[in-house]
Amino acid sequence: MPVIPKDDALRKLLGLVLCGGESRRMGRDKGLMLKDGVPWALQMGEKMTRLGIPVVYSVNSGQRIAYSAILSEEQMVFDSTSLAGPLNGLFTAHRCYPDRDIVLLACDMLDMDMTTLESLIARYRQGGDYEFYAYEEGAWLQPFWRDIHGCRARQGRGAG
């Protein structure tokens, strides 16, 4: 069970680093790739930890042994739904921690800067009733953070 932050505004937050992909395009597990000698997954988790957010890592069952080299069992959430892709990790984490608001980062979002994360946490502290956040990348809006505390996912419907 992740540690609950002392900051009341962050008590419900849980960081989720998605590592459960098959990495077919990369040819190897992205979360275990190294940058400056540190696995990508741990670098993403550290960004949230620096903000006082406890972190768990979503992995699929086939990754259990490999990720056990860098994470404890308590830090891992194993995909357990029939959904494909990142939704499997998100909904599994929600099932394990139904009372937590989830800050979701993919293990390959290495360029995500602390200023952006700090800005999102500041908005969260203000109590905005947002279901998700997005960032602009070129001409596209990319979904970024899924804060599912008030979303339709709790009611068993697709999130929108």
Side-chain angles (χ1 to χ4, degrees), residues 1-7 10-112 116-117 120-121 124 130-135 142-160:
M1 175 65 97
V3 175
I4 296 177
K6 293 177 182 168
D7 181 336
L10 300 182
R11 290 183 66 78
K12 288 192 68 177
L13 277 182
L14 176 67
L16 175 64
V17 178
L18 291 178
C19 307
E22 296 178 21
S23 300
R24 286 182 284 223
R25 288 175 291 179
M26 294 292 285
R28 57 189 172 148
D29 193 316
K30 291 186 281 188
L32 296 174
M33 293 176 69
L34 303 178
K35 179 179 178 190
D36 301 325
V38 179
W40 288 10
L42 293 181
Q43 288 190 23
M44 295 311 300
E46 175 60 25
K47 289 180 183 203
M48 289 188 277
T49 299
R50 283 188 282 183
L51 295 170
I53 302 168
V55 178
V56 294
Y57 298 80
S58 170
V59 299
N60 65 49
S61 59
Q63 296 169 303
R64 179 181 230 128
I65 293 172
Y67 277 86
S68 292
I70 63 168
L71 300 169
S72 69
E73 285 283 318
E74 295 79 32
Q75 292 175 291
M76 292 186 272
V77 175
F78 301 99
D79 292 349
S80 65
T81 72
S82 60
L83 297 169
L87 284 179
N88 195 337
L90 173 62
F91 281 95
T92 297
H94 177 63
R95 186 179 290 162
C96 292
Y97 302 100
D99 297 325
R100 303 296 287 271
D101 296 342
I102 296 175
V103 180
L104 183 145
L105 291 175
C107 66
D108 61 355
M109 293 181 73
L110 295 173
D111 292 334
M112 179 56 58
T116 301
L117 289 172
L120 288 167
I121 297 303
Y124 178 83
Y130 305 109
E131 289 188 4
F132 71 94
Y133 294 85
Y135 66 96
Q142 299 289 334
F144 168 61
W145 170 7
R146 187 73 190 159
D147 172 9
I148 65 172
H149 73 282
C151 101
R152 290 175 286 281
R154 284 202 191 234
Q155 299 159 8
R157 298 189 304 248

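Everything quoted here is computed from the prediction, not taken from an experiment. Scope of the values below: all heavy atoms of this structure, side chains included, with no hydrogens, waters or symmetry mates.
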I'd like a table of donor-acceptor pairs (distance under 3.5 Å, sequence neighbours excluded) in which one partner is a side-chain atom from residues 42-49, with atom names and distances.
{"from": "Q43", "atom 1": "NE2", "to": "K35", "atom 2": "O", "distance (Å)": "2.5"}
{"from": "Q43", "atom 1": "NE2", "to": "V38", "atom 2": "O", "distance (Å)": "3.1"}
{"from": "K47", "atom 1": "NZ", "to": "L110", "atom 2": "O", "distance (Å)": "2.9"}
{"from": "K47", "atom 1": "NZ", "to": "M112", "atom 2": "O", "distance (Å)": "2.4"}
{"from": "T49", "atom 1": "OG1", "to": "G45", "atom 2": "O", "distance (Å)": "3.0"}

* Asked: Which atom names give the shortest non-hydrogen contact between V77 and C96, and what distance separates them?
  -> CG1-SG, 4.1 Å
* For residues L120 and V103, determine if any side-chain heavy atom of one lies less than 4.5 Å from a side-chain heavy atom of the other. => no
* If you look only at pairs with a residue in residues 53-73, which of them pass as a salt bridge (Lys or Arg N to Asp or Glu O under 4.0 Å), with sequence neighbours excluded? -> R64-E73
* To do: Measure the shortest side-chain to side-chain distance between I102 and Y97 over non-hydrogen atoms and say whether it is less than 4.5 angstrom.
  => no
* To do: Could you tell me whether the side chain of F78 reaches within less than 4.5 Å of the side chain of T92, counting heavy atoms only?
  => no
* Asked: Atom OG of S80 and atom CZ of R95: how far apart are they, to the nearest 0.5 Å?
  -> 4.5 Å
* **Heavy atoms from other residues, nucleotides or ligands near CG of L34 exceed 12 (cutoff 6.0 Å)** => yes
* Structure fact -> dist L104:CG -> L16:CG (nearest 0.5 Å) comes out at 5.0 Å
* Asked: Looking at M76 and Y67, what are the two nearest heavy atoms and their distance?
  -> SD-CB, 3.7 Å
* Would you call Y57 and I70 a side-chain contact if the rule is heavy atoms closer than 4.5 Å? -> no
* Provide the closest heavy-atom pair for C107 versus C19 in the form atom of the first, atom of the second, distance. => CB-SG, 4.1 Å
* **Spatial distance of atom CG (L90) from atom OG (S58) [nearest 0.5 Å]** => 8.5 Å
* Structure fact -> Interatomic distance, CD1@I121 vs OG1@T116, rounded to 0.5 Å, equals 11.5 Å
* To do: Kindly indicate whether the side chain of Y124, heavy atoms from C-beta on, has any atom under 4.5 Å from the side chain of D101.
  => yes
* **Heavy-atom side-chain proximity of L13 to L51 below 4.5 angstrom** => no
* **Gap between atom CG of L18 and atom CE of M109 - 0.5 Å precision** => 10.0 Å
